[in-house]
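Contents: one structure, followed by commentary.
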4 protein chains.
Amino acid sequence: MNKGRLEAFSDGVLAIIITIMVLEIKVPHGHELSDLKPLIPIFLSYVLSFIYIGIYWNNHHHMLQTVKHVSGDVLWANLHLLFWLSLIPFVTGWLGENKFKAMPMALYGIILLMAALAYFLLQRRIIRNQGEGSLLKKAIGRDIKGKISPVVYLISIAMSFVSGWAAGAGYVLVALIWLIPDRRIERILKEE
Amino acid sequence: MNKGRLEAFSDGVLAIIITIMVLEIKVPHGHELSDLKPLIPIFLSYVLSFIYIGIYWNNHHHMLQTVKHVSGDVLWANLHLLFWLSLIPFVTGWLGENKFKAMPMALYGIILLMAALAYFLLQRRIIRNQGEGSLLKKAIGRDIKGKISPVVYLISIAMSFVSGWAAGAGYVLVALIWLIPDRRIERILKEE
Amino acid sequence: MNKGRLEAFSDGVLAIIITIMVLEIKVPHGHELSDLKPLIPIFLSYVLSFIYIGIYWNNHHHMLQTVKHVSGDVLWANLHLLFWLSLIPFVTGWLGENKFKAMPMALYGIILLMAALAYFLLQRRIIRNQGEGSLLKKAIGRDIKGKISPVVYLISIAMSFVSGWAAGAGYVLVALIWLIPDRRIERILKEE
Amino acid sequence: MNKGRLEAFSDGVLAIIITIMVLEIKVPHGHELSDLKPLIPIFLSYVLSFIYIGIYWNNHHHMLQTVKHVSGDVLWANLHLLFWLSLIPFVTGWLGENKFKAMPMALYGIILLMAALAYFLLQRRIIRNQGEGSLLKKAIGRDIKGKISPVVYLISIAMSFVSGWAAGAGYVLVALIWLIPDRRIERILKEE
């Protein structure tokens, strides 16, 4: 089985997810600057989710470059990842309408956590299929980012019920960890 | 005629179908956990439909790997399949808003039945075009799953008017039959 | 310039057009069979538009198989076609909500007419670019279907103000002309 | 890293952006010609934005034809461009509902300006990656259009608060500059 359609289908789903989120930013009826003000939290949650989907697309792209053939179990592990990512527009919308409230803040983190878990499972399945000397295994190395992220998600989910700001800071932090080019962050982490 | 665009177009339509269904899960205005409660049946019907579209994408992917060239009749048989699948977001939305009510439950099954029929017609057309020694014919073998599914759909449609739960169990059962890897289910079916 | 991205972008736009039309079939709140009744005209207009987009995708697919390289003017002629096709979900929705009323019926035909015109312009541009011995020119032959369609559209648009049914019959007729495999319809037209 | 998926993902996002904008043209309940009248500004802003997305797709297509391999920073510069373009449906909707009002008119220009800036950054990053003798650098030449556009945007944004019509004329002008085939406009600009 070649990987072409897996990539095409994933690209399609991710492109739609990233774009339909903008439909949550409802066009206001008024035409004053003040009419945009209630949209700010919705816009900010859109930006954060856009970056997250961008990170997933980027990582997915890199991961599949180490793969030549895909088996049935990889197709399903990939659909499992797309399922959790497909819920991001919903939690983004809920977050945007209820800025820094406990439950939306926590649910946002739970979906991110499930997506991270699904990504991890997909990664493991590909590594297992590649067998000894897996290219992907070498590429991810100790996978420090992949291990830190779920920990920060868990802390942020718990923090949601104490301080919405702290939880939000956690989600932004994980996004930044992935955005900063690999070598730099790894050097920083080594130095610590 | 090469099959590249047929795959690309089908991937596009399936990616959109699987993603726009999430728009049916309307963002609640409140921010309590209880505000999510009415969304549970909508979420469950989303999960079921997501799995069904995933199965169709998966099977479509496998089917087309046996194909080299596509003729005009295959293009239309494929569009016919996409037509019934395109109605799944609608019936999913209706089901989600009216949990276990007779008519939505039955209509969900009818659309699944029509999609299964369209898939069968597409399959037969490809086999006919491949002529003697058709690769697809060999690949599907006795096509036990393909024959059981419409029977379960028909029973579930009838059951919709007696017990919504029983009908739902039927739809879940068919999804499971397709999800479980082929060899295992075939061994189980042989043993019976 | 290669044609790969032109095809990919067109497939994407057509896949989205064909799928978002289903969003016009709003999920009813009730759960009785009678709640579906007002949706029948919306469903029928969806079916008709689905077939039209399918025909355009099919023809577009065939047309581009005669093409190797695309120039800037072809890209824009193609976008012009996609523009008119992108309005089909809107006119389909308007038609569905106002069954057989004069203006929606006429506007539906006008958009179909503009799309047919845009298709014709795209075709002519490709033929001109291919120069003498154009493969596309040979493939379309006398282009009888392409010449009949706008005439039927024009008659149907005029008929909209007399009888919605007659206009609708015209639109269905054109769809049928394109659906019936080429050789048969051409033989029929020859015999007349 | 090959550029295939970058193109596929961008095509997907642009195809969705260009198509979901049509959802802002809400189907009217009435069936008279007069019911379409309030939709005219929405339709006009749709046409303008359709052309802009078409121009971006076209330019993006050309730009990437000079590229063989893409690095991580190009992926993110590309996502940055897609981010600003993804806001076009929102500003188009706001503009359409508030024809020629100052704030929507200005915001439309701001988003266009940000997209132009993001395009410029993407272009510069590709040129830097290509190093000496960059093919893209040669292709864009003095990039007169690319330099004029942000100036016109800035003037139009300022004009929004004086005359909506003047601002709109500015946005139409930039679109025309890009629509007219390169050689002609360059000759015109030379002659001045």
Side-chain angles (χ1 to χ4, degrees), chain A residues 3-37 39 42-43 46-67 89 139 175 178-184, chain D residues 1-21 23-24 26 42 45 69-107 110-111 160-161 164:
Chain A
K3 66 176 176 171
R5 278 191 78 178
L6 179 71
E7 290 186 329
F9 185 71
S10 306
D11 280 353
V13 171
L14 292 176
I16 299 158
I17 290 172
I18 217 168
T19 324
I20 61 170
M21 279 193 300
V22 93
L23 296 178
E24 287 297 332
I25 314 180
K26 302 268 187 287
V27 173
H29 291 293
H31 58 83
E32 302 295 337
L33 191 57
S34 56
D35 294 313
L36 293 181
K37 223 182 148 186
L39 298 178
I42 298 173
F43 177 71
Y46 173 63
V47 173
L48 184 60
S49 295
F50 190 98
I51 291 171
Y52 265 111
I53 300 289
I55 289 167
Y56 270 102
W57 176 73
N58 222 319
N59 291 348
H60 194 266
H61 180 81
H62 281 82
M63 180 164 64
L64 281 175
Q65 288 206 303
T66 68
V67 176
W178 287 97
L179 271 176
I180 296 168
D182 266 29
R183 281 160 300 167
R184 278 182 59 193
Chain D
M1 250 175 281
N2 75 61
K3 65 175 176 171
R5 277 191 78 178
L6 179 71
E7 290 187 330
F9 185 71
S10 306
D11 280 353
V13 172
L14 292 175
I16 298 158
I17 290 171
I18 217 169
T19 324
I20 62 169
M21 280 193 299
L23 296 178
E24 287 296 332
K26 301 270 188 286
I42 298 173
S45 62
H69 300 287
V70 289
S71 53
D73 57 345
V74 169
L75 293 186
W76 279 108
N78 189 60
L79 274 168
H80 180 232
L81 170 62
L82 295 180
F83 173 75
W84 292 109
L85 295 178
S86 81
L87 294 175
I88 285 187
F90 172 76
V91 288
T92 303
W94 204 33
L95 192 65
E97 285 213 1
N98 300 281
K99 43 176 173 175
F100 301 118
K101 289 286 168 26
M103 280 310 301
M105 216 68 198
L107 191 68
I110 290 167
I111 298 297
S160 299
F161 300 95

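The structure presented is a predicted model; accordingly, all values stated were derived computationally and were not measured. Per chain, numbering begins at 1; letters A, B, ... match sequence-line order.
- Chosen from A:Leu36, A:Leu64, A:Ile16, the residue pairing most often with chain D at heavy-atom distances under 4.5 Å is A:Leu36.
- When all heavy atoms of A:Gly54 and D:Leu79 are compared, the pair lying nearest together is CA-CD1, 3.7 Å.
- Heavy atoms closer than 4.5 Å to chain D are found in both the backbone and the side chain of A:Leu33.
- Contacts between A:Ile17 and chain D at a heavy-atom distance below 4.5 Å are absent for every atom of the residue.
- The shortest distance between side-chain heavy atoms of D:Glu97 and A:His29 falls below 4.5 Å.
- Checked against a 6.0 Å centroid threshold, the rings of A:Tyr46 and D:Phe90 do not count as neighbours.
- The two atoms that bring D:Ile42 and D:Glu24 nearest to each other are CG2-O, 3.9 Å, heavy atoms only.
- Ranked by non-hydrogen atom pairs under 4.5 Å with chain A, the options D:Pro104, D:Ala106, D:Gly93, D:Ser86 are led by D:Ser86.
- Proximity to chain D (any heavy atom under 4.5 Å) is shown, for A:Leu14, by both the backbone and the side chain.
- Within the 6.0 Å centre-distance limit, the rings of A:Trp57 and A:His61 are counted as a close aromatic pair.
- With a threshold of 4.5 angstrom between heavy atoms, D:Leu107 approaches chain A through side-chain atoms but not through N, CA, C or O.
- With contacts defined as side-chain heavy-atom distances shorter than 4.5 Å, the pair D:Leu82/D:Asn78 qualifies.
- With chain D as partner, the option from A:Gly12, A:Gly30, A:Ala8 having the largest number of non-hydrogen pairs under 4.5 angstrom is A:Gly30.
- Judged by distance alone, the side chains of D:His80 and D:Trp84 do bring a donor and an acceptor atom under 3.5 Å apart.
- Both the backbone and the side chain of A:Glu7 come within contact range of chain D, judged by heavy atoms closer than 4.5 Å.
- For A:Ile55, the parts sitting under 4.5 Å from any heavy atom of chain D are the backbone and the side chain alike.
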